[in-house]
Amino acid sequence: MIWNKARECMSRDELAVLQGKRLVELVDYMYHNVKYYKRKMRNLGLEPGDIRGIEDLEKLPFTTREDLTEAYLLGGFTLSDKKIVQYHASDHSAGYAGMETITGYTQNDIDVWKECMARSISMAGLGERDVIQVAYSYGLSADGLSAYYGAEKIGAAVIPATDCKPAALIALMRRLHVTGVISTSSHLMRVAQMVEKKGLKNSLWLKAAICGGEAWTETSRKEIQGKLGIKVYDIFGLNELTGLGVACECECQEGMHIQEDFFLAEILNTHTLLILPGGVRGELVFTTLQKEGIPLIRYRTTGYTKINYAKCECGRTMARMDRICYGIDDMIQIRGNSVSVSQVEAALSELQDLEAFYIICIRKEHQLDVVDVYMESAGMNGVLVSENRAEVKRRVADAVYHIIGVEPDVYCAESERRKDFERIFRGMDMGKRVTVVDERRT
Ligand SMILES: [Zn+2]
């Protein structure tokens, strides 16, 4: 079902006109109300009248997470006449220099947010007759509320199942005939594993699930889908823009439709700072076309993805983005293929019963790229010396192979190739669960 056909299926020409009109208004508003941004524009010799439509987007200065922090410290981002009714903050780990990135929403912002989530939940085939379980935490992050707002807006019955353990979620699913779940993928994976273990798949009424808010992989999506017998849809959001619902997958599951009437997306070449065409990977940059509480122009997300502007088979014309990967050095080349380090990290982090640290070493052997994986954990040693050792290694190798397409050799660093491990490990920060070392560069 398409929630807002007039918008979601509008022609790309009409969309460009609408985006251009909103961009011109936004630039004018920012110039006259946000001193910090006015200064940035003046430094480039720009006046609001220089921006006449989206074709002028490239002239505008960027906004970075560092800008937001500095702006807060200096009191630069003051809002003239818009009342903030809700605040959110991103996690410490995602913040800049130990500061959370705080953002605020006006009532209009929340209405836009609800609209985006209503569109997203409809893309997953859920509607007013459905019973939707929201299994996110309602914390500083906006994810839990996003899901709640959307389910409420489409008129579904909502179960705010915050902080419920898998067993409790499954019990509720059965008693209340839950048809849709919105959750992080790792939480839903635990639910799916329990459903499979107890043979409950056929006693559930589930039709679809929507997952977002953390990195996950295609492998885990397929696994969850198989165990629950449903489709699982990917969703994207960013606190600084709005909660979840900035983009979501439709039934085709070929990229997430961006709500482009509210969020103008571009893909940036981080070296030339020029906008890249569709289908080419680069940094994702967003302009909030309607946001009143701390609007953002050309906000650099530091995430990498690509955008497909072709019309989707579902009928929607809104462009689709791939999963986003974070990190400047995220993409590495292995045997001619681009591989995302974040995806490898996500795949290994999903092996939650293996409490291990991993170093993935890429090196050349006879002119060919080869991959070694070293696992280390005192707690793992017992597992690895038992008869499970081969099985554990196989699971790690499979997880890595699925992402990079090269079969790695996996070593238990406590007892195998210790010297190699110590050489690679030297001076390395082992606070990260997964570290990728590219020895071809040294
Ligand atoms: Zn579609």
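Because the structure is a prediction, the values reported are computed rather than measured. Indexing begins at 1, ligand by ligand and atom by atom, following the structure's order.
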Side chains of [X] and [Y], donor plus acceptor under 3.5 Å:
X	Y	answer
Ser11	Glu14	yes
Arg174	Ser203	yes
His257	Gln259	no

Distance, nearest 0.5 Å, that separates CZ of Arg298 from CG of Leu57: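 Arg298 atom CZ to Leu57 atom CG measures 5.0 Å (nearest 0.5 Å).
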
Identify all side-chain donor-acceptor contacts of residues 306-314 below 3.5 Å with residues at least two apart in sequence or on another chain.
residue: Lys306; atom: NZ; partner: Asp322; partner atom: OD2; Å: 2.6
residue: Asn308; atom: OD1; partner: Ala310; partner atom: N; Å: 2.9

Polar protein atoms (N, O or S) that approach the Zn ion (ligand 1) to under 2.8 Å: Cys250 SG, His257 NE2, Cys312 SG, Cys314 SG

Smallest separation among heavy atoms of Tyr233 and Cys250, with atom names: CE2-O, 3.3 Å

